[in-house]
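Since the structure comes first, as structure tokens, the remarks are kept for the end.
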2 protein chains.
Amino acid sequence: MPFRELITAELAKLLGALSHHDRLLILEELYQGEREVKALQKKLGISHSRVSQHLSLLRTHKVVTERRQGRHVFYRLIDPEISQWVMSALRFIEFRLQHTDEILSAVEDARNLWLSPQAPKKNEPAPRKLIYIPGRQGESEPPTQNEA
Amino acid sequence: MPFRELITAELAKLLGALSHHDRLLILEELYQGEREVKALQKKLGISHSRVSQHLSLLRTHKVVTERRQGRHVFYRLIDPEISQWVMSALRFIEFRLQHTDEILSAVEDARNLWLSPQAPKKNEPAPRKLIYIPGRQGESEPPTQNEA
DNA sequence: GCATAATGTTAAAATATATTAATATCATCA
DNA sequence: TGATGATATTAATATATTTTAACATTATGC
């Protein structure tokens, strides 16, 4: 497996590009549809320069792309399913968050927003494939697994 | 959505914990089964201290857990499906890697290793749910999406 | 038991990367 | 051209990573 290292490195870079609070919010926002920098800036409450830097990084990592229209630049996800993919990781963190009802319901909200088939509120582009499989029916076996 | 920030921050932390070449290799390795530090050290070709520190970080983020036996410490994935989840992101980077046949086949190898139902070679713990959906049949619509 | 080797963990220091905020530059359109 | 919006650059600060070394624990041989 000669290029396994390369693949792992690429994956690590992608994960690194996404491992930022603001950038995840941008992902969430862009999952709803195209947005210009100004809109993202308002939504996130950070400077436009910072938004631009985040977008630049996401562009570098081929997560987003843009479309120019006059002086407006609209950003969008290259593959909107990356958003679903990220959110499908909710299952790996929810046990950390399952403390208050408020947080639990926020997790539900997030899941509905990002993972339900009717996710994009208005004028949705197309029905999306579900990646997340709710529930943990496969929880029977203790993960002792095998030896090498 | 009051705790959305919290959820996004948690997700970002998880992604951050995984966004390292060595740690992804550890994930891959542990997907095969329990491993002691020494084995990981040999496999990755890095210092045992570094392995231990990586494992410590993964432990902090509840990705792995350990079992002690004498002077050996065996690590395993808390939820082996996290490994599949990470590898299902291959689709988001493969267009960057699709250059040589060698790389392409390495991607295939990686996919087979991590995502095929019979993934763990020997004495597999249980049939695993597939998260990755091969192919891109939903590629018809240009992602113009909707406006807010 | 005692010394020694094997296995892991931890801490501290050095290095490398990432983030931020401020500023500068560039492009577009009225 | 002037106003606006977007991007690039920079420098400072903060985080992460790596290395080295010290430490703890368990097994083994005498």
Side-chain angles (χ1 to χ4, degrees), chain A residues 5 8-27 29-30 34-78 147-148, chain B residues 5 8-27 29-30 33-77 147-148:
Chain A
E5 303 275 310
T8 318
E10 277 304 321
L11 261 180
K13 277 191 236 162
L14 176 64
L15 291 167
L18 301 179
S19 68
H20 191 291
H21 170 257
D22 291 342
R23 293 199 285 273
L24 287 183
L25 287 179
I26 289 175
L27 226 66
E29 201 59 21
L30 293 185
E34 279 189 340
R35 294 286 186 278
E36 50 188 309
V37 178
K38 191 73 184 297
L40 292 172
Q41 183 242 309
K42 277 187 193 160
K43 193 82 180 188
L44 304 201
I46 59 183
S47 73
H48 73 175
S49 171
R50 224 164 119 194
V51 173
S52 188
Q53 283 173 319
H54 284 312
L55 287 170
S56 163
L57 200 153
L58 291 173
R59 201 168 354 105
T60 299
H61 289 84
K62 306 281 191 203
V63 174
V64 304
T65 186
E66 86 257 41
R67 171 177 72 84
R68 279 161 197 282
Q69 192 175 75
R71 57 183 151 188
H72 299 275
V73 180
F74 294 92
Y75 282 86
R76 66 172 183 273
L77 296 174
I78 287 178
E147 285 309 310
Chain B
E5 304 275 311
T8 319
E10 277 305 320
L11 263 180
K13 277 191 237 162
L14 176 65
L15 290 167
L18 301 178
S19 68
H20 191 290
H21 170 257
D22 293 340
R23 293 197 287 272
L24 287 183
L25 287 179
I26 289 176
L27 226 65
E29 202 58 22
L30 294 185
E34 276 191 341
R35 292 289 185 277
E36 52 185 310
V37 178
K38 190 73 188 298
L40 292 171
Q41 184 241 308
K42 276 187 194 160
K43 192 80 180 189
L44 304 201
I46 61 182
S47 72
H48 66 172
S49 166
R50 234 165 106 189
V51 173
S52 187
Q53 282 166 328
H54 283 314
L55 288 169
S56 165
L57 200 153
L58 291 173
R59 204 172 348 112
T60 299
H61 288 84
K62 307 280 191 203
V63 174
V64 304
T65 186
E66 87 259 40
R67 172 176 71 85
R68 278 160 200 282
Q69 193 174 74
R71 61 185 161 190
H72 301 273
V73 181
F74 293 91
Y75 281 87
R76 65 173 183 273
L77 298 175
E147 285 310 308

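Per chain, numbering begins at 1; letters A, B, ... match sequence-line order. Heavy-atom basis, side chains included; hydrogens, waters and symmetry copies ignored.
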> Any side-chain N or O of B:Tyr75 under 4.0 Å from OP1/OP2 of C:dT7?
Replying inline: no
> At what distance, to the nearest 0.5 angstrom, does CD of A:Glu5 lie from CG of B:Leu25?
Replying inline: 5.5 Å
> Could you give the CG-to-P distance, from A:Leu55 to C:dT19, as a whole number of Å?
Replying inline: 14 Å
> Taking CD from A:Glu66 and C1' from D:dA8, how many angstroms apart are they, rounded to a whole number?
Replying inline: 14 Å
> Has B:His48 got a side-chain N or O lying under 4.0 Å from the OP1 or OP2 atom of C:dT10?
Replying inline: no
>> Looking at B:Arg71, I'd like to know whether one of its side-chain N or O atoms comes within less than 4.0 Å of OP1 or OP2 on C:dA6.
In response: no
>> What is the distance, to the nearest angstrom, from the NE2 atom on B:His72 to the C1' atom on C:dG8?
In response: 11 Å
>> Working to the nearest 0.5 angstrom, can you tell me the gap between B:Asp22 CG and B:Gln53 CD?
In response: 11.5 Å
> Does A:His20 make a side-chain N or O approach to OP1 or OP2 of C:dT20 shorter than 4.0 Å?
Replying inline: yes
>> Between A:Ser52 (side chain only) and A:Ser49 (backbone N and O only), is there a donor and an acceptor less than 3.5 Å apart?
In response: no
> B:His54 side chain N/O closer than 4.0 Å to the phosphate oxygens (OP1, OP2) of D:dT18?
Replying inline: yes
> Are OP1 or OP2 of C:dT19 and a side-chain N or O of A:Arg50 less than 4.0 angstrom apart?
Replying inline: no
> Within this structure, what is the CZ-to-C1' distance between A:Arg67 and D:dA6, rounded to whole angstrom?
Replying inline: 16 Å
> Does the D:dT20 base have a donor-acceptor partner in the side chain of B:Ser49 within less than 3.5 Å?
Replying inline: yes
>> Just the rounded figure in Å: distance from C1' of D:dT25 to CZ of B:Phe74.
In response: 15 Å
>> Can you measure B:Gln41 atom CD to C:dG8 atom P for me and round it to whole angstrom units?
In response: 9 Å
>> Nearest to the side chain of B:Glu36, heavy atoms from C-beta on, is which of C:dT9, D:dT18, C:dT7?
In response: C:dT7
> Does the base of D:dT9 carry an N or O that pairs as donor and acceptor with the side chain of A:Gln53 under 3.5 Å?
Replying inline: yes
> D:dT7 C1' sits how many Å from A:Leu40 CG, rounded?
Replying inline: 15 Å
> Hey, is the side chain of A:Arg23 poking within less than 4.0 Å of OP1 or OP2 on C:dT19, counting only N and O atoms?
Replying inline: yes
>> Taking atom types as they are modelled, would you say the side chain of A:Ser56 forms a donor-acceptor pair with the base of D:dA8 within the 3.5 Å cutoff?
In response: no
> Taking atom P of D:dA6 as reference, at what distance in whole Å does atom CZ of A:Arg59 sit?
Replying inline: 12 Å
> Only one of B:Arg71, B:Arg67, B:His72 forms a side-chain hydrogen bond (donor to acceptor under 3.5 Å, both in side chains) with B:Glu36, so which one is it?
Replying inline: B:His72
> Any idea which heavy atoms bring A:Gln41 and A:His48 closest together, and the distance?
Replying inline: CG-N, 3.5 Å
